[in-house]
Each structure stands twice: as structure tokens, then as C-alpha cells.
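Shown next, in C-alpha cells, is the structure this report addresses.
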Protein chains: 2
Amino acid sequence: MDKVREHIASLFKLSEGQASIFLSEFTRKEFKKNDIFMESGKICNKIGLIERGLMKCVFNKNGDEIIFEFAFENNFISDYYSFLTNTPSAKEIRCIEDTTVYVITRESLERLGRDHPFIESMSGQMNQMLFLKMHDRLKSSLLDSAVERYIKLISERSDLVQRIPQYLIASYLNIKPETVSRIRKKYII
Amino acid sequence: MDKVREHIASLFKLSEGQASIFLSEFTRKEFKKNDIFMESGKICNKIGLIERGLMKCVFNKNGDEIIFEFAFENNFISDYYSFLTNTPSAKEIRCIEDTTVYVITRESLERLGRDHPFIESMSGQMNQMLFLKMHDRLKSSLLDSAVERYIKLISERSDLVQRIPQYLIASYLNIKPETVSRIRKKYII
DNA sequence: CACCTTTATTGATCAAGGTCAACGAATTAC
DNA sequence: GTAATTCGTTGACCTTGATCAATAAAGGTG
């Protein structure tokens, strides 16, 4: 858990002690490839923090999946929208690889927040990071073509591209695998 | 300013006193239709709160504008992305109607934040509201067709639709005015 | 190693929405 | 009231990316 703690401490500018307090309420869980971490339709009452492995968070659009996000080592994974609004999740979270994840429940987090003011500030920072991230993606979806989105992704997220099959990358970019293949043929290699 | 104060107090669950403190640092400004509130390319160092009127916040995509958002009575108006990240704004904010707006600068807000802890919590709430809003729009842009986006908008934001010319609605939905016209012909009237 | 499943590529065709141009209605300006 | 913009509608055509189908390549599994 040390690497995760270090990462969290630096991300939220926490002391070692604070990071330890925060992580003390997490429980380690193991998932196999294709296991479901969170079912669609339920209110999301937990937040995961991935030690090892890879998950995807997907919408279902009349039968086929549209990837909302990926999460791997040191990333949080949750439907934070459902978590905040207390509404049933429109997303499913599933493992793409065998994954080890530390999990905290809503209750534990709230209890922690009552005892430790720094948790409140973490949640503020989290909201801000998520706003910025959503903004970036919305902007890209408003302004960029499929080609531009793909080119940006492979230059900015080569970590993802290396690790994730092309048809999942396509889904994340909201384009079809065939189109990705054609873009690659035309612009790369 | 009373209506605005009331609105802010209820939105952030502030006491009358807190709302007054918050608003004390705002300066009233008047703009005419077509006046620019914030130029593209500059770091956004202010937040407006509209008392009367209507503004649009737009991206420029090779010459033509794509509307990021509208703001009117009781709404905040800013490029909060630029504000938070301290990076030059990719958006321009311009008045669609004559507009009266209360404006606070970054420095004033920071000063206020140092003296009054409740301001910190307001900013946390603001980040959360913006995350949720961005999330909704991203989701819609991932899952919905032009027709679905338009139908949703007219049912959910009839206030906007009544007040804003069709070509601006089109731009907000990231579709062309001709397409809106065709959607209306096919599904409405 | 041979088989089976999953993933990627390619071609042919299709659909959604964009582009361009013309026209008409509505506003605004003089 | 007439001219001049601005805005909305319509038609013809075009582009992007989706769909469908076939095939090839890669990875797993017995």
C-alpha cells in the first residue's frame, strides 16, 4: 500500500500522517478479470483506489458499451456522480485485468470527515479535479473530430494506449473500432 | 441586489449575514448588448453574478462560435476553468442582451476567503455543481443524438429556448441551425 | 501444436448531420 | 414606409463516421 499512500499524499498535499488516516478506512479487495466492481442501476456507495490492475467504467447505450473512463494503478475508481447525487448509477464498473483495489464506503468516509477536517478539503480538491477533467473532455467532444481526438489521446495518454485494446480505446473516444483502424492507417505507421 | 442575495443564500445555504459578506466585494457593472465581458486569450480573473440580462460564453472553432454556456439572472458567469487553472481562456464571454452584473475579482475573493472560512466551503460546493453539470453534458454528448439533445433541451430548459434565438440554441447543442430547423419540422409543430 | 476465441483490418454501403445557396419572414434602421 | 440586416426554412448535395460482412492476425487453452 506504500506506493498508493505516497501517491495520495502528493496528489492532495497531505502529510504522511494524514495519508495514513485517510487510507486506514480502506479495505483491500481482489478482483479477477471481468469481475464487476459496481453494478449499473445501484447507488454507488463506495470509492476504490487501485493498487494494481485496470478497470473500465462504462455506459450502456442500447446494448453496446461506451467507455466513460479507465482507471489503473493509483487511480480512484467510482461512479462519483452517483455517489454525490445519491442516484442510481447509469454506469457499470468492471475489471479489464486482475485488479487489487482498496475500497472505502460512504459511511466510513463520512465518519472520517467528521473527525478530520482535512478530509473536507480533499473532497473539495477532488471535485475541482473532476470538474477540470470533465471540462476537458466536454471541450474536446465539442471541438475535435474523431481524428483529432485519437491523435490527442495517443500523444497524451500513451500509457493507456499501450495497455488497452484498440476497440476499448475506440469506445472511450466514442468512435467505432473500424474507424480507429482507418485513422491509424491514414495517419500513423 | 436583494433578489441575487436571496438566490445565493439559498443556493449555498448561507445565512443572510454570510450572503451579505460574500456580496460586499462585488462591484456592479453595466454592459450593452454585444459588449464583451471577458476576452479570449486572457486569464480569467473575475466572476460575474448577473442581476439582469443574458450572456453567452463561447469557444471559437476556426472562425465560428460554439456556445459553451448561457448565463442570465442569478447565474454566475466566468471562465471558471481559466480562473482555477490560471491559464489563458479559450472562451469569450459576450452579452446577448443589455446586462447588469456584479463582479468580484480573484484578489477580492481570495482576501474574503482568508477572512471567512465559509467561502472555502462555497468554493467546494461550486466545484461540485460544476462537476455535475459538466458530467451531465458530457454524458449527453456521448449518448444522445442531435434530435435527442434538442428534445431534452426544449423540455428541460424552456426558459432558455424562449429567450434565445434558434441559431444560438443550435450552437449550444453543437448542431447547425439548418439541422435544428429540420428537427423542429419533423418532431414539433 | 492445433483449435478456438478475440481483436484488427479492409471493402462496400448507409445514415446523420454538415455545407452551400436561395428565399422569405421578421426586425431594425433610416 | 422603405431599405437593410438578421434569422429561419427549404432543397440539393457532400462528408464523416457508422454499419455490415468477410478475412486476417493474435492470443489463449486443451
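Proteins come first, then strands; the chains are lettered A, B, ... in the order of their sequence lines, and each starts at number 1. Keep in mind that the numbers below use all heavy atoms, side chains included, and drop hydrogens, waters and symmetry copies.
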| message | Using a heavy-atom cut-off of 4.0 Å across all strands, would you classify A:Asn174 as base, sugar-phosphate, or nothing? | response | sugar-phosphate
**Message:** Once you apply a heavy-atom cut-off of 4.0 Å, does B:Pro165 come out as touching a base, just sugar-phosphate, or nothing?
**Reply:** sugar-phosphate
What's the [atom1]-[atom2] distance between [X] and [N], to the nearest Å?
X: A:Glu148; N: D:dG17; atom1: CD; atom2: C1'; result: 14 Å
X: A:Tyr150; N: D:dA18; atom1: OH; atom2: C1'; result: 18 Å
X: A:Tyr167; N: D:dA24; atom1: OH; atom2: P; result: 22 Å
X: A:Ile175; N: D:dT19; atom1: CD1; atom2: C1'; result: 15 Å
X: A:Ile66; N: D:dG17; atom1: CD1; atom2: P; result: 15 Å
X: B:Asp64; N: C:dG18; atom1: CG; atom2: P; result: 11 Å

OP1 or OP2 of C:dT6 sitting under 4.0 Å from any side-chain N/O of A:Gln166?
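So the side-chain polar atoms of A:Gln166 never come under 4.0 Å of the phosphate oxygens OP1 or OP2 of C:dT6.
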Hey, is the side chain of A:Lys185 poking within less than 4.0 Å of OP1 or OP2 on C:dG11, counting only N and O atoms? yes
Would you tell me whether A:Ser82 and A:Thr87 have side-chain atoms, one donor and one acceptor, within less than 3.5 Å of each other?
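No, A:Thr87 and A:Ser82 have no side-chain donor paired with an acceptor closer than 3.5 Å.
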- Using the closest heavy atom to pick a nucleotide of DNA chain C for each, name whichever of B:Lys33 or B:Glu178 lands nearer the 5' end.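 Closer to the 5' end of DNA chain C: B:Glu178.
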Checking D:dT9, C:dT9, C:dG17 against the side chain of A:Ser181 (C-beta onward), the nearest is C:dT9
OG of B:Ser89 to OH of B:Tyr81, rounded to nearest 0.5 Å, is 11.0 Å
message: Could you walk me through whether A:Phe26 and A:Phe22 satisfy the ring pair (Phe, Tyr, Trp, His ring centres under 6.0 Å) test, starting with their C-alpha distance in whole Å, then the side-chain angles of each, then the deciding distance to 0.1 Å, before giving a yes or no?
response: CA-CA 8 Å; A:Phe26 283 74; A:Phe22 176 62; 5.1 Å; yes
So, does the side chain of A:Arg182 form a donor-acceptor pair with the base of C:dG11 at under 3.5 Å? yes
Does a sphere of radius 6.0 Å around CD in A:Glu120 hold more than 12 heavy atoms from other residues, nucleotides or ligands, not counting ones at 6.0 Å or beyond?
no
